[in-house]
Amino acid sequence: MILRYPSYYKKFSCIAQRCEDTCCAGWEIDIDDASYEYYMSVKGEFGERLRRSIREYRPEDTDVYESHGFILGEDRRCPFLDREGLCDLYRELGEEALCDVCTDTPRNFLEYGGAREISISAACAEAGRLIYSEEERITFVEEEAEEELDWEESEEEKRLASQIRTARDRAIRILQNREIPIEMRIPRYLSFAEEVQACLNINKPEGISRIPWEQYLSCPEKAEEVKDRRAPQEWQYRMFLQRMADFTRLDSVSGEWESLLRQLQEKFVEPENGASLYGRAHQRLREVLAAQKREYEYEHLMVYHVFTCQARCVDDYDFIGKAKLAVVSFLMIRDIDALRLLAKGSYEREDRVDIARVYAREVEHSEDNLQYLAEEFMFQEAYCPESLCRAVPAPL
């Protein structure tokens with residue numbers, strides 16, 4: 001089997017109680033069958049505590065993948081998470097006793113085409129620091145592993161996987177082309193994604209490798225041309241209001257997310273001068289990031305989303321939907337960036353990590369929220385490729 005992961009992956013190590021957040025609160029904690037059987041066999045007082053802390057999922061439960069999970073406490077905290085942010089189960093039974101979800105988090109896994117791709121989620125602040133710590137382009141490592149995948153792919157599945165991986169890797173190349181600003185790269189990425197989707201729509205994935213994708217790397221545009229394509233501020237603001245309407249309908253997993261939405265509402269939606277304030281906040285954000293030479297962070301944001309999510313279309317053929325998710329995530333996070341700068345008067349690296357963390361917990365780790373957004377992406381004007389391309393150049 002092939003293992004594939006971003007180069008910063010091997011640097012990751014959980015910082016446990018020193019973390020400003022915890023993976024052990026805010027969402028369901030599933031228990032895989034092997035761990036469940038072991039927990040049922042644990043003797044003594046701790047074994048009794050284990051069994052009292054486990055419930056069987058019901059058919060109506062959402063965002064669950066196993067038959068059992070822990071009974072969460074206040075603020076949806078794991079019953080074994082102590083006041084210092086440490087795990088009683090780990091302390092009593094050792095690391096080998098942790099269930100799969102506790103061992104794997106914040107790692108994401110995708111298996112296709114004879115490979116396992118591993119990423120680490122920005123929902124973990126320490127992972128976010130790795131993602132955004134270096135200015136250099138994110139690179140990826142590929143290595144052989146002795147382990148074999150526990151399922152076999154048909155020849156058709158292998159061919160599809162190869163084409164999807166080719167498309168995903170070329171999308172990353174487009175997004176990492178630093179000859180032009182990121183505001184120019186993202187529309188090119190969307191246009192490329194439309195061509196890939198056209199091949200999938202007619203069930204001709206082999207056509208993906210024949211797309212002349214190099215055209216999206218060539219012919220650098222001038223900044224003035226991007227400015228000419230920038231949509232009027234009134235239109236940009238209307239698209240922001242549509243995003244706000246949709247994101248406020250998502251299931252919330254944290255009070256932090258609700259607070260951010262409330263602040264966006266109070267600063268940019270409710271005031272009579274909300275539209276002009278929204279434009280000025282984005283202008284200031286652009287100036288600050290340019291002065292600090294931190295525009296590359298948006299490149300890393302896009303590459304992170306593309307590597308983590310794009311190839312999942314091997315299951316649903318929705319390449320353009322995954323591309324829309326990446327771009328809408330960029331737009332929504334940029335809106336929150338502008339809000340943070342307006343509120344604080346500054347925008348530091350830790351602000352980038354913090355906002356990416358809250359967003360990832362809310363959106364990336366909720367199947368219900370992802371499904372809701374996928375449906376909105378198909379029908380709302382704000383999410384058609386043309387609208388997204390016009391929205392990427394920030395409002396003036």
Side-chain angles (χ1 to χ4, degrees), residues 3-6 8-36 38-39 50 53-55 57 61-73 75-82 84-111 116-132 147 251-257 304-305 307-309 311-312 329 353-370:
L3 291 181
R4 197 175 295 127
Y5 50 85
Y8 54 73
Y9 169 70
K10 288 291 183 72
K11 300 178 184 178
F12 175 75
S13 178
C14 177
I15 59 175
Q17 74 272 24
R18 292 184 289 115
C19 186
E20 59 268 54
D21 198 359
T22 176
C23 298
C24 308
W27 39 47
E28 297 291 342
I29 302 176
D30 299 342
I31 303 172
D32 56 280
D33 291 341
S35 296
Y36 173 75
Y38 170 65
Y39 295 160
L50 258 175
S53 303
I54 294 173
R55 72 182 181 97
Y57 289 136
D61 288 327
T62 59
D63 276 352
V64 297
Y65 301 91
E66 303 287 352
S67 300
H68 299 87
F70 288 120
I71 300 171
L72 305 182
D75 296 328
R76 304 187 75 187
R77 289 172 65 88
C78 174
F80 296 97
L81 180 65
D82 70 15
E84 285 72 43
L86 297 173
C87 175
D88 285 345
L89 195 154
Y90 182 102
R91 186 157 41 207
E92 290 286 335
L93 302 177
E95 183 177 3
E96 65 278 2
L98 297 178
C99 55
D100 287 350
V101 69
C102 296
T103 300
D104 294 342
T105 302
R107 299 162 186 84
N108 297 310
F109 300 92
L110 177 63
E111 296 177 349
R116 174 180 294 152
E117 294 188 343
I118 312 172
S119 59
I120 50 175
S121 172
C124 168
E126 189 66 9
R129 293 185 187 100
L130 290 174
I131 294 168
Y132 297 108
E147 182 183 355
D251 293 336
S252 178
V253 300
S254 76
E256 290 178 299
W257 175 253
Y304 160 79
H305 276 280
F307 181 77
T308 303
C309 301
R312 295 184 184 275
S329 297
V353 171
D354 184 56
I355 290 170
R357 173 185 63 83
V358 177
Y359 181 89
R361 284 176 65 91
E362 179 69 20
V363 178
E364 297 171 33
H365 291 274
S366 170
E367 287 299 324
D368 286 346
N369 286 344
L370 289 172

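What you see is a predicted model, and the numbers here were worked out from it, not measured in a lab. Numbering of residues begins at 1 and proceeds along the displayed sequence.
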**Fill in**
Closest non-hydrogen contact found for Y8 with L130 is O-CD1, 3.8 Å
**Prompt:** CZ of R55 to CD of E28: how many Å apart, nearest 0.5 Å?
**Reply:** 5.0 Å
**Message:** Restricting to salt bridge (charged side-chain N to carboxylate O under 4.0 Å, His left out), what partner residues turn up for R361, sequence neighbours left out?
**Reply:** D21
**Complete:** To the nearest 0.5 Å, atom SG of C99 lies from atom CG of D33 at 11.5 Å
**Request:** For the residue pair Y359 and S329, establish whether any side-chain heavy-atom pair is separated by less than 4.5 Å.
**Result:** yes
**Prompt:** Listed by chain and number, what are the ring pair (Phe, Tyr, Trp, His ring centres under 6.0 Å) partners of F80, not counting sequence neighbours?
**Reply:** F46, F70
**Message:** List the residues meeting salt bridge (charged side-chain N to carboxylate O under 4.0 Å, His left out) with E111, not counting sequence neighbours, and say none if there are none.
**Reply:** R116
**Item:** Rounded distance [0.5 Å steps], CD1 in I120 versus CD in E126
**Value:** 8.5 Å
**Asked** What heavy-atom pair brings F12 and C124 nearest, and what distance separates the two atoms?
**Response** CE1-SG, 3.6 Å
**Request:** Grab the two heavy atoms, one from E362 and one from S252, that are nearest each other, plus how far apart they are.
**Result:** OE2-CA, 3.2 Å
**Message:** If I take atom SG from residue C78 and atom CD1 from residue I71, how far apart are they, to the nearest 0.5 angstrom?
**Reply:** 11.0 Å
**Message:** Taking the side chain as everything from C-beta on, heavy atoms only, tell me whether N108 gets closer than 4.5 Å to I118.
**Reply:** no
**Item:** Considering all heavy atoms, the nearest A122-Y304 contact
**Value:** N-OH, 2.9 Å
**Message:** Within this structure, what is the CG-CG distance for the pair D100 and D30, rounded to the nearest 0.5 Å?
**Reply:** 10.5 Å
**Asked** If only atom types and distance count, is the side chain of N369 paired as donor or acceptor with the main-chain N or O of D251 below 3.5 Å?
**Response** yes
**Request:** Please step through side chain to side chain contact (heavy atoms under 4.5 Å, CB included) for the pair E66 and D32, ending with a clear verdict.
**Result:** CA-CA 6 Å; E66 303 287 352; D32 56 280; 3.9 Å; yes
**Request:** Would you indicate whether the side-chain heavy atoms of Y38 and L93 approach each other to under 4.5 Å?
**Result:** yes
**Item:** The single option from L81, L98, D82 passing side chain to side chain contact (heavy atoms under 4.5 Å, CB included) against C87
**Value:** L98
**Request:** Taking salt bridge (charged side-chain N to carboxylate O under 4.0 Å, His left out) as the test, write out the residues that go with D88, two or more places apart.
**Result:** R49, R91
**Item:** Partner residues of E364 under the salt bridge (charged side-chain N to carboxylate O under 4.0 Å, His left out) criterion, sequence neighbours left out
**Value:** none
**Message:** Can you give me the closest heavy-atom contact between F307 and R4, atom names plus distance?
**Reply:** CZ-O, 4.0 Å
**Prompt:** Roughly how far, to the nearest 0.5 Å, is CD1 of I131 from OG1 of T308?
**Reply:** 7.0 Å
**Request:** Please check if the side chain of T105 supplies one atom and the backbone of V101 the other of a donor-acceptor pair under 3.5 Å.
**Result:** yes
**Request:** Check ring pair (Phe, Tyr, Trp, His ring centres under 6.0 Å) between Y36 and all other residues, then give those that pass, not counting sequence neighbours.
**Result:** H68
**Asked** Mind checking whether V353 and R129 have side chains closer than 4.5 Å, heavy atoms only?
**Response** yes
**Asked** Under 4.5 Å between any side-chain heavy atoms of C102 and Y90, yes or no?
**Response** no
**Item:** Donor-acceptor contact below 3.5 Å, side chain R107 vs main chain D104
**Value:** yes
**Minimum heavy-atom distance between A127 and S121, given as atom pair plus value** = CB-O, 3.2 Å
